[in-house]
Amino acid sequence: MGLLELTDAHLRFRDQVRDFAQRVIAPQAAQLDASGTFPIELIRELGARGWLGIPFPKEYGGLGLDCRSYILALEEIAKVCASTAITVAAHCSLACYPIFAHGTEHQKKKYLPPLLRGEKLGSFGLTEPNAGSDAGATETTVRVEGDKWIIDGQKRFITNSSYADVVVFTASHDRTLKTKAISAFLVERGTPGFRVGRHEDKLGLRASDTAELWFEGCALPHDNLLGPEREGFKVFMETLDGGRISIGALGLGIAAGALEYTLEYVRTHVRNGMPMHRLQWVQELIAEAATEITCARHLIYHAAALKDRGAKITVPSAMAKLYASEVGTRTCRRLMDIIGPEGVSVLHPLERFLRDAKLMEIGEGTSQIQKVVIAREVLGK
């Protein structure tokens with residue numbers, strides 16, 4: 001099958017998603033971005049098609065496909081609307097995965113079927129005002145009162161939070177113990193003491209919902225602990241390993257969408273009396289973009305194939321996320337130079353692609369954090 005390890009079944013599934021993305025999502029993408037409207041109807045339609053549960057077993061309501069199928073879908077959606085793609089990624093990789101991988105059988109049967117069918121939406125609460133790249137600095141606290149967990153604290157920049165029915169989040173039993181005292185929990189919308197705070201007005205991904213979460217004496221049943229007590233940091237780090245492949249796929253999709261648009265543009269426009277596609281400097285920029293996109297695709301699909309085999313993916317996913325996210329931003333800037341001054345206009349999607357691409361270098365671990373992860377392995381820790 002080659003390095004990309006894609007079968008005919010993978011490609012047929014990709015084509016199904018591509019057709020839907022181009023036909024249904026693409027015509028709405030610019031307006032969703034301009035208005036900052038969360039695409040709830042699109043998300044429900046994706047759920048009805050089973051695409052919110054692609055890599056999960058059928059017994060829990062998923063499609064029973066693999067990580068490569070999931071990554072193919074994210075790339076195709078991100079080509080036309082990264083806001084919709086990151087909504088899917090946060091739901092699948094960050095909310096559903098830790099429940100599937102670390103939940104009790106009761107938790108899996110309770111939460112996964114409606115999440116994977118798209119009847120409910122999930123979210124992942126890690127980032128805080130003072131705990132971003134340093135997740136071990138979590139300040140949200142948990143204490144025991146009788147048979148309840150009592151949660152107090154704040155999460156910030158949480159994707160899907162305003163619409164999420166279920167949120168997976170972290171809290172610390174003792175902040176002085178850092179990562180050794182963090183547990184993971186589940187909280188449902190409407191739980192007393194749990195509320196959504198200020199909505200973020202962002203540079204990009206404007207149709208993606210991002211907001212604060214507040215816990216104010218929020219009492220949770222003991223059964224809402226996700227995974228072993230005080231091992232929440234491990235749960236979330238494992239979750240992020242897989243999530244980084246999905247963020248890489250979004251960066252790749254944005255870059256590929258920008259290139260597809262630019263190719264059509266240069267084939268149909270003339271500059272200084274010369275067809276643009278025949279200009280050497282244009283060809284050079286196109287060649288550079290196409291080469292980097294292909295490299296990113298190989299890194300991402302290779303990491304996804306390793307995940308499908310059950311191999312350790314911490315470093316491959318960090319490499320894929322680091323490279324693909326930066327290729328997304330670099331490609332959009334490079335191709336905007338081809339379009340010229342008009343490239344910054346909303347008449348072209350490149351300005352939206354560029355704004356959306358930047359977050360891929362930040363979310364689920366900044367580029368600097370990915371380099372630390374990679375360097376530790378290369379240097380032998």
- Mind listing the closest non-hydrogen atom pair of Gln154 and Glu212 along with its distance? NE2-OE2, 3.1 Å
- Query: Has the side chain of Lys321 got a donor or acceptor atom that lies under 3.5 Å from a matching backbone atom of Met360?
  - Reply: yes
- May I have the step-by-step check of side-chain contact (heavy atoms from CB on, under 4.5 Å) for Ile300 and Tyr323, ending in yes or no? CA-CA 9 Å; Ile300 292 164; Tyr323 187 75; over 6 Å; no
- Query: Are Asp201 and Arg206 ion-paired here, with the side-chain N under 4.0 Å from a carboxylate O?
  - Reply: yes
- Is there a side-chain contact between Glu361 and Thr366, using heavy atoms and a 4.5 Å cut-off? no
- Okay, side chain of Asp308, backbone of Cys67: is any donor-acceptor separation there less than 3.5 Å? yes
- Message: Looking at Phe100, I'd like to know if the NZ or CZ of Lys108 sits under 6.0 Å from its six-membered ring centre while staying within 45 degrees of the ring's axis.
- Response: yes
- Between Ala211 and His199, which heavy-atom pair has the shortest distance, and what is it? CB-CA, 3.9 Å
- Query: For residues His102 and Glu238, is any side-chain donor paired with an opposing acceptor at under 3.5 Å?
  - Reply: yes
- Task: Answer yes or no: is there a donor N or O on one side and an acceptor on the other, between the side chain of Ser93 and the main chain of Gly243, under 3.5 Å?
- Result: no
- Task: In plain terms, say whether Lys178 and Asp134 are close enough for a salt bridge, that is, a side-chain N and a carboxylate O under 4.0 Å apart.
- Result: yes
- Query: Any side-chain heavy-atom pair from Val346 and Glu351 closer than 4.5 angstrom?
  - Reply: yes
- Query: Any side-chain donor-acceptor pair under 3.5 Å between Glu377 and Thr314?
  - Reply: no
- Task: Kindly compute the distance separating CG (Asp165) from CG (Asn160), expressed to the nearest 0.5 Å.
- Result: 10.5 Å
- Task: Carefully, step by step, assess Ser208 and Thr210 under the rule side-chain contact (heavy atoms from CB on, under 4.5 Å).
- Result: CA-CA 6 Å; Ser208 163; Thr210 312; 4.0 Å; yes
- Message: Strictly below 4.0 Å, N to O, side chains only: are Arg143 and Asp152 in salt-bridge contact?
- Response: yes
- Could you verify whether a donor N or O on one side chain and an acceptor N or O on the other, from His348 and Glu342, lie under 3.5 Å apart? yes
- Query: Between Lys307 and Asp241, is there a salt bridge with N-O shorter than 4.0 Å?
  - Reply: no
- Hydrophobic cluster identity match, Val166 and Ile43, side-chain contacts under 4.5 Å: no
- Determine whether Tyr163 and Thr87 make a side-chain contact, defined as any pair of heavy atoms from C-beta on separated by less than 4.5 Å. no
- Item | Greater than 12 external heavy atoms within 6.0 Å of Lys180's NZ | no
- Which heavy atom in Ala207 sits nearest to a heavy atom in Asp33, and how many Å separate them? CB-N, 4.3 Å
- Item | Tyr70 and Trp51 aromatic centres sub-6.0 Å | no
- Query: Are any non-hydrogen side-chain atoms of Tyr97 and Cys92 less than 4.5 angstrom apart?
  - Reply: no
- Message: Quick check against the 3.5 Å criterion: does Glu75 have a side-chain atom that pairs as donor or acceptor with the backbone of Leu250?
- Response: no
- Does the side chain of Glu128 come within less than 4.5 Å of Arg156's, by heavy atoms? no
- Task: Run the salt-bridge test on Lys110 and Glu188 with the 4.0 Å N-O cut-off and return the result as yes or no.
- Result: yes
- Determine the minimum heavy-atom distance between Ala181 and Arg230, stating which atoms define it. CB-NH1, 3.7 Å
- Thr291 side-chain N/O to Glu288 backbone N/O, donor-acceptor pair under 3.5 Å: no
- For Thr7 and His10, run side-chain hydrogen bond (donor to acceptor under 3.5 Å, both in side chains): C-alpha distance rounded to whole Å, both residues' side-chain angles, the deciding distance at 0.1 Å, then the answer. CA-CA 5 Å; Thr7 66; His10 285 126; 3.1 Å; yes
- Test item: Asp209 side-chain N/O and Ser162 main-chain N/O as donor-acceptor pair under 3.5 Å: yes
- Item | Transitive ILVMFWY side-chain link Tyr111 to Leu121, under 4.5 Å | no
- Under 4.5 Å between any side-chain heavy atoms of Leu359 and Ile86, yes or no? yes
- Any chance you could pull the hydrophobic cluster mates of Val187, using side-chain heavy atoms under 4.5 angstrom and chaining through other members? Val142, Val144, Trp149, Ile151, Ile158, Val167, Phe169, Phe185, Phe194, Val196, Leu213, Phe215, Leu220, Leu225
- Message: Using a 3.5 Å distance criterion without hydrogens, assess whether the side chain of Thr268 forms a donor-acceptor pair with backbone atoms of Tyr265.
- Response: yes
- Message: I'd like to know whether CD of Gln280 has more than 12 heavy-atom contacts from other residues, nucleotides or ligands below 6.0 angstrom.
- Response: no
- Query: Quick one: NZ on Lys312 to CG on Leu306, what's the gap to the nearest 0.5 Å?
  - Reply: 12.0 Å
- Message: Using side-chain contact (heavy atoms from CB on, under 4.5 Å), reason through Leu116 and Leu52 one step at a time and then give a plain yes or no.
- Response: CA-CA 5 Å; Leu116 301 184; Leu52 296 187; over 6 Å; no
- In terms of heavy-atom contacts, does CZ of Arg271 have more than 12 from other residues, nucleotides or ligands at under 6.0 Å? yes
- Message: Could you see if Val327 belongs to whatever hydrophobic cluster contains Leu335? Use Ile, Leu, Val, Met, Phe, Trp, Tyr and a side-chain cutoff under 4.5 Å.
- Response: yes
- Query: Less than 4.5 Å apart, any side-chain heavy atom of Leu115 and any of His91?
  - Reply: yes
- Show the numbers, then the answer: is there a side-chain contact (heavy atoms from CB on, under 4.5 Å) between Thr159 and Phe124? CA-CA 7 Å; Thr159 304; Phe124 175 87; over 6 Å; no
- Any idea which heavy atoms bring Met276 and Val270 closest together, and the distance? CG-C, 4.1 Å
- Message: Could you go through Arg195 and Glu216, starting from their C-alpha distance and side-chain angles, then the distance that decides it, and tell me whether this counts as salt bridge (charged side-chain N to carboxylate O under 4.0 Å, His left out)?
- Response: CA-CA 8 Å; Arg195 64 180 175 86; Glu216 298 161 327; 3.1 Å; yes
- Go through the structure and list residues passing salt bridge (Lys or Arg N to Asp or Glu O under 4.0 Å) with Arg175, not counting sequence neighbours. none
- Note on the structure: Shortest non-hydrogen pair, Ile54 vs Ala73, comes out as CD1-CB, 3.6 Å
- Does CZ belonging to Arg278 count more than 12 external heavy atoms closer than 6.0 Å? no
- Query: Under the 3.5 angstrom rule, does the side chain of Lys79 hit a backbone N or O of Ala255 as a donor-acceptor pair?
  - Reply: no
- Query: Can you hop from Ile313 to Leu240 via hydrophobic side chains spaced under 4.5 Å?
  - Reply: no
- Item | Presence of salt bridge, Lys202 and Glu200, under 4.0 angstrom | no
- Message: Strictly distance-based, threshold 3.5 Å: is any side-chain N or O of Thr138 a donor or acceptor partner for the main-chain N or O of Thr140?
- Response: no
- Task: Look only at the side chain of Thr294 and the backbone of Ala290, and say whether a donor-acceptor pair between them is shorter than 3.5 Å.
- Result: yes
- Please examine the side chains of Leu354 and Thr329, heavy atoms only from C-beta on, and report whether any two atoms are closer than 4.5 Å. yes
- Query: Are Ser183 and His173 close enough, and set up right, to give a side-chain hydrogen bond (donor to acceptor under 3.5 Å, both in side chains), and what steps lead you there?
  - Reply: CA-CA 8 Å; Ser183 292; His173 300 267; 2.6 Å; yes
- Message: Can you confirm whether the side chains of Gln283 and Trp281 place a donor and an acceptor under 3.5 Å from each other?
- Response: no
- Out of curiosity, does Ile369 fall in the hydrophobic cluster containing Met319 (side-chain heavy atoms, cut-off under 4.5 Å, transitive links)? no
- Under 3.5 Å, is there a donor-acceptor pair between the Lys155 and Thr170 side chains? yes
